[in-house]
Amino acid sequence: MGRSVLRSQQTRLIQSAVAYSTASLITVTLHEFGHGLAARLYGLHPTIFGLHEEDIAASPARIAVIAAAGPVVSLGLGLIFLAIHKRLRGQSFIRYLTLWLGLLGVAVFMGYLMTPPFYKSGDVFKVLASFNLASPIFLGLSMLFGAIGIIQLGRIGLPLLLALTNSLQPLRPQMMALGVLAWVLGSILVLLAMVPQLPIMLVAIGTFVPLINLFASRRDQTQSYGEPGAEPKISIAGVALLALLAVLEHTVFRHGIGL
């Protein structure tokens, strides 16, 4: 691989990783605000932290609605960001950011569907338990639908990442930079931004990304991909936004925001 091609892949990796980590922090924050706003509609005064929301909801119905609000908000915003992303062109940071905001928003919803058999503090388990539906059958169905959704998300993400590649360069290293490596580096950046907390769940919501690369390796090699000569530039504004979010996590959200 030539030096210029290698530099191109490094730039793609940094651009995608910064966008991924920024989107992760934004997604989880909006998710918690979803819980908080639902609680506020019941007249409660919740406190929003970077990774959770605190309120007191006595009735099962209220617990279910407040718990469901987070994943539903994540799904809704994810679909909106995906719709916005599909209208964008070029290699701007906003195109990368809306891509990951969209995919991660949907991934959060699907991920919570998968957690009830293992995570009794999770949002979907709270919903099922509130209606006395936390039986093995419903827990299994929830996990099954979540797993199917994650697989489909990998299929949805494939053409979106392909569109960011340069068709004049080898595809595989570009997809690795945009996908799996960006997930790994982006997850490290998220963990660094949240130190001393270790939000492993923010790493876990990106487990659909390797599926994108898996589907890419099995695609029809005769199909065209990307835009000829498409080359990203590292966005200083994107790096600054990530740094700002990290500062907010260590200051404002560390102490909580009351609604």
Asker: Between V127 and A64, which heavy-atom pair has the shortest distance, and what is it?
Answerer: CG2-O, 3.5 Å
Asker: Are H85 and L160 packed together at the side-chain level, in the sense that at least one heavy-atom pair is separated by less than 4.5 angstrom?
Answerer: yes
Asker: Is it true that a side-chain atom of E227 and a backbone atom of S167 form a donor plus acceptor pair closer than 3.5 Å?
Answerer: no
Asker: Tell me whether S142 contacts the main-chain N or O of F138 through its side chain, where contact means a donor paired with an acceptor under 3.5 Å.
Answerer: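 Between the backbone of F138 and the side chain of S142 there is no qualifying donor-acceptor contact (under 3.5 Å).
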Asker: Looking at side-chain heavy atoms only, is the closest gap between T29 and E249 below 4.5 Å?
Answerer: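 Yes - at least one pair of side-chain heavy atoms lies under 4.5 Å apart.
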Asker: Is the shortest heavy-atom distance from the side chain of T11 to the side chain of S8 under 4.5 Å?
Answerer: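 Heavy-atom side-chain distance check fails, nothing below 4.5 Å.
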Asker: Are L41 and L44 connected, step by step, through hydrophobic side chains (Ile, Leu, Val, Met, Phe, Trp, Tyr) whose heavy atoms are closer than 4.5 Å?
Answerer: no
Asker: Is any side-chain heavy atom of Y96 closer than 4.5 Å to a side-chain heavy atom of P232?
Answerer: yes
Asker: Do the side chains of I137 and L141 get nearer than 4.5 Å, heavy atoms only?
Answerer: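 Counting from C-beta outward, L141 and I137 do come under 4.5 Å.
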Asker: Under a 3.5 Å distance rule, please check whether H250 uses its side chain to pair with a backbone N or O of V195 as donor and acceptor.
Answerer: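 Answer holds: yes.
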Asker: Is the backbone of G90 close enough, under 3.5 Å, to the side chain of R95 for a donor and an acceptor to pair up by distance?
Answerer: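 Between the backbone of G90 and the side chain of R95 there is a qualifying donor-acceptor contact (under 3.5 Å).
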Asker: Backbone N or O of L13 within a donor-acceptor pair of the S16 side chain at under 3.5 Å?
Answerer: no
Asker: Can you tell me how far OG1 of T27 sits from CD1 of I205, rounded to the nearest 0.5 angstrom?
Answerer: 6.0 Å
Asker: Is it the case that one hydrophobic cluster holds both L139 and Y119, taking links as side-chain heavy atoms less than 4.5 Å apart, direct or via other members?
Answerer: no
Asker: Measuring from F93:CZ to L241:CG, what's the distance to the nearest 0.5 Å?
Answerer: 6.0 Å
Asker: Using every non-hydrogen atom in the two residues, find where S21 and G186 come nearest and quote the distance to one decimal.
Answerer: CB-O, 3.4 Å
Asker: Hey, could you give me each pair passing side-chain hydrogen bond (donor to acceptor under 3.5 Å, both in side chains) that has a residue in residues 65-83? Not counting sequence neighbours.
Answerer: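 Those involving residues 65-83 are H31-S74.
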Asker: What's the shortest heavy-atom distance between G157 and L103, and which atoms?
Answerer: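 Reported closest heavy-atom pair: CA-CD2, 4.1 Å.
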Asker: Same cluster for V247 and V190 if Ile/Leu/Val/Met/Phe/Trp/Tyr side chains link at under 4.5 Å?
Answerer: no
Asker: For L99 and L161, what are the C-alpha separation, side-chain angles and deciding distance, and is it a side-chain contact (heavy atoms from CB on, under 4.5 Å)?
Answerer: CA-CA 8 Å; L99 167 69; L161 258 66; 3.4 Å; yes
Asker: Nearest 0.5 angstrom please: F215 CZ to F208 CZ, how far?
Answerer: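 Here the interatomic distance stands at 12.0 Å.
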Asker: Check for me, please, whether I148 and L211 land in the same ILVMFWY cluster - side-chain distances under 4.5 Å, paths through other members count.
Answerer: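 Each belongs to a different hydrophobic cluster.
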Asker: Evaluate the side-chain contact (heavy atoms from CB on, under 4.5 Å) criterion for residues F109 and V106: first the C-alpha distance (whole Å), next the side-chain angles of each, then the deciding distance (0.1 Å), finally the verdict.
Answerer: CA-CA 5 Å; F109 179 82; V106 178; 5.6 Å; no
Asker: Taking side chain to side chain contact (heavy atoms under 4.5 Å, CB included) as the test, write out the residues that go with R219, two or more places apart.
Answerer: L162, L171, Q221, Q223, Y225
Asker: For L178 versus A182, what's the shortest heavy-atom pair and its separation?
Answerer: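 Closest heavy-atom pair between L178 and A182: O-CB, 3.4 Å.
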Asker: What closest approach, in Å, do M175 and I212 show between heavy atoms, and which atom pair accounts for it?
Answerer: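 It is CE-CG2, 4.0 Å.
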Asker: Group every Ile, Leu, Val, Met, Phe, Trp and Tyr by side-chain heavy-atom contacts under 4.5 Å, then state whether I151 and L144 land in the same group.
Answerer: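 Different clusters: I151 never reaches L144 through Ile, Leu, Val, Met, Phe, Trp or Tyr contacts under 4.5 Å.
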Asker: My understanding is that only residues two or more places apart in sequence, or in another chain, count here; which of them pass side chain to side chain contact (heavy atoms under 4.5 Å, CB included) with A23?
Answerer: L97, W100, L101, L104
Asker: Starting at CH2 of W183, measure out to CE of M176 and round the result to the nearest 0.5 Å.
Answerer: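 So the CH2 of W183 and the CE of M176 are separated by 11.0 Å.
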Asker: Inspect the contact between R12 and E231 and indicate whether a charged nitrogen and a carboxylate oxygen are less than 4.0 angstrom apart.
Answerer: yes
Asker: Do Q169 and Q9 have a side chain donor and acceptor closer than 3.5 Å?
Answerer: yes
Asker: Please walk me through it: do M114 and V124 pass side-chain contact (heavy atoms from CB on, under 4.5 Å)?
Answerer: CA-CA 9 Å; M114 293 179 65; V124 175; over 6 Å; no
Asker: How many angstroms lie between atom CG of L242 and atom OH of Y20, to the nearest 0.5 angstrom?
Answerer: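 OH of Y20 is found 13.0 Å from CG of L242.
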Asker: Mark yes or no for whether D123, through its side chain, and A68, through its backbone, hold a donor-acceptor pair below 3.5 Å.
Answerer: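 Looks like no, no N/O pair under 3.5 Å.
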Asker: Walk me through whether L88 and I94 qualify under side-chain contact (heavy atoms from CB on, under 4.5 Å).
Answerer: CA-CA 9 Å; L88 300 177; I94 193 65; 4.2 Å; yes
Asker: Treating H35 as the side-chain partner and P46 as the backbone partner, does any N or O pair qualify as donor plus acceptor under 3.5 Å?
Answerer: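 Flag not set: sc H35 to bb P46 has no pair under 3.5 Å.
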Asker: Locate the shortest heavy-atom distance separating Q174 from P170; write the atom from each residue and the value.
Answerer: NE2-O, 2.9 Å
Asker: Would you compute the distance between atom CZ of F145 and atom CG of L113 and round it to the nearest 0.5 angstrom?
Answerer: 9.0 Å
